[in-house]
Amino acid sequence: MITDRSVFRDDTPPRELMHRESEVESLLRAWGPTLHGEAGDEVILSGSSGVGKTSLAKHTIDRLEARDTVDHCYIECLGVSSDALLRDVIHAHPEASVPGRDATPAALTEALREAVERPMIVVLDEIEGLPDSDALDRLADVPQLSTVAICHDATRWRTRLGREDVDARYQDATHIAVDRFGVSQLADILRARARAGLADDVVTRSQLEAIGDEVAGVARFGIQALRAAAERADERGVYRIHDADVDASFERARQRIRKMNLRSLTLHHHVLYALVHAAGELSGVELHERYDAIAPRAYAESTLTPIVRRTRRNHLRKLEAYGLITREGEGSTQYAVVDASIQSPITIGKIHS
DNA sequence: TATCCACCGGAATTTATGGAAG
DNA sequence: CTTCCATAAATTCCGGTGGATA
């Protein structure tokens, strides 16, 4: 039934971006100056996760390139140091000479300033994951360079950053709020994917709308649900997707997305997350106690060794940054899972005893 | 209220990793 | 293959904070 698996991969861009005409227009307008050799406007793309912010940016850059080539690069910011970010940008530039390893931050900025003579667009995905705003300051020193800040909540990001200069730079940025799709819009998108990746006529319009409704307009979730429904139908050996396959698809899709989110994390994170998940909510004290208790077993089959408390706190912060847990409290911190249906890939045996 | 205690998180220090040069 | 170097991760150190207790 599935004829092309790649159609459902999370990193496969849509062949045709549907129902985002006005957003594409806004972006092209912001980038208009790049066609005349000037820097584009700064852009903020905000919207909940999975609605297609990244796809929108990538697709529109392609549209722009159809008119004229524009230097650009795409950077996943989560946990990236400002040095690493700058190096990524330099590396992506076709003519930049990559500075040696011992280059100072100022030298990196200078190298970039020299290289960027034509307009360049830097897409900063998950910008809320940047440890600080140093990299943004440096990028601001490059005249021909403009950025696209992709975040979940624009005002929260800017206030939390707390840097007036950075805030001022994005003050008159083009702000595009990327909304969830409507049920019928998402059904259109899913139909296009079905045509590209599934056999003919295996899914009905009303089934696609049922998916669009259940996933509340989140494209990533919807696409994975469609894939899961097709997989389930295949397993059962039927030739069309039945409503029961659709019903069962959502939990599978959730699991797949959860796996994608957790994949980049280490065993340390998994162990900590599993402990928080098992408890639902617990204090830092309890968490550390339980970690110590299960650590020998949790790490038994790994080359890694258990980590000390201070390091655990850093890892917990990362889990928070990934939206997997919440942290609250000043003196003693309370940890809680954001979504109890998201399980850790590892299982903790007995936590007590 | 004063004191103790454990925890938090910033900063300094050490250790691990990886890549280039000899 | 070793040596060197730089970066990133892990650890240690430590001042600050809040809650418990007398």
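Below, chain A is the first sequence line, B the second, and so on; all start at residue 1. Computed from a prediction, not measured in an experiment: that's the story for all the values here.
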[X] [atom1] to [N] [atom2]: how many Å, rounded?
X: A/Tyr299; N: C/dA10; atom1: OH; atom2: C1'; value: 12 Å
X: A/His288; N: B/dC7; atom1: NE2; atom2: P; value: 7 Å
X: A/Leu287; N: B/dA6; atom1: CG; atom2: P; value: 18 Å
X: A/Glu289; N: B/dA6; atom1: CD; atom2: P; value: 12 Å
X: A/Arg317; N: B/dG10; atom1: CZ; atom2: C1'; value: 10 Å
X: A/Leu316; N: B/dC7; atom1: CG; atom2: P; value: 14 Å
X: A/Leu267; N: C/dA10; atom1: CG; atom2: P; value: 12 Å
X: A/Gln334; N: B/dC8; atom1: CD; atom2: C1'; value: 14 Å

- Task: Could you tell me how the ring of A/Tyr299 sits relative to the ring of A/His268: parallel (under 30°), tilted (30 to 60°) or perpendicular (over 60°)?
- Result: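 Taking A/His268 first and then A/Tyr299, their aromatic rings sit tilted (interplane angle of 30° to 60°).
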
>> Walk me through whether A/Glu231 and A/Arg5 qualify under salt bridge (Lys or Arg N to Asp or Glu O under 4.0 Å).
In response: CA-CA 10 Å; A/Glu231 281 176 352; A/Arg5 210 157 276 279; 3.5 Å; yes

>> Nearest to the side chain of A/Arg327, heavy atoms from C-beta on, is which of B/dG9, C/dA10, B/dC8?
In response: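 It is B/dG9.
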
**Message:** As a test of reading the structure: which of C/dT7, B/dC8, B/dC7 is closest to the side chain of A/Arg87, going by heavy atoms?
**Reply:**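 Among the listed nucleotides, the one closest to the side chain of A/Arg87 is C/dT7.
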
**Report entry** Test salt bridge (Lys or Arg N to Asp or Glu O under 4.0 Å) applied to A/Glu235 - qualifying residues, sequence neighbours left out
**Finding:**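 A/Arg252.
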
*Residue list, salt bridge (Lys or Arg N to Asp or Glu O under 4.0 Å) with A/Asp179, at least two apart or on another chain*: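 A/Asp179 satisfies salt bridge (Lys or Arg N to Asp or Glu O under 4.0 Å) with no residue once adjacent residues are dropped.
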
Given [N], is OP1 or OP2 found less than 4.0 Å from the side-chain N or O atoms of [X]?
X: A/His315; N: C/dA9; answer: no
X: A/Arg313; N: B/dC8; answer: yes
X: A/Arg309; N: B/dC7; answer: yes

With both pairing distances under 3.5 angstrom for Watson-Crick or G-U wobble, and | for a partner in another strand, the correct string for DNA chain B is ||||||||||||||||||||||

Within a radius of less than 6.0 Å around CZ of A/Arg205, do more than 12 heavy atoms belonging to other residues, nucleotides or ligands occur?
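Buried by this count: over 12 neighbours within 6.0 Å.
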
Enter the distance from A/His175:NE2 to A/Asp41:CG here, rounded to the nearest 0.5 Å.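 Between A/His175 NE2 and A/Asp41 CG, I get 14.5 Å after rounding to 0.5 Å.
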
>> As an exercise, state the distance from CZ of A/Arg193 to CG of A/Leu208, rounded to the nearest 0.5 Å.
In response: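 Here the interatomic distance stands at 13.0 Å.
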
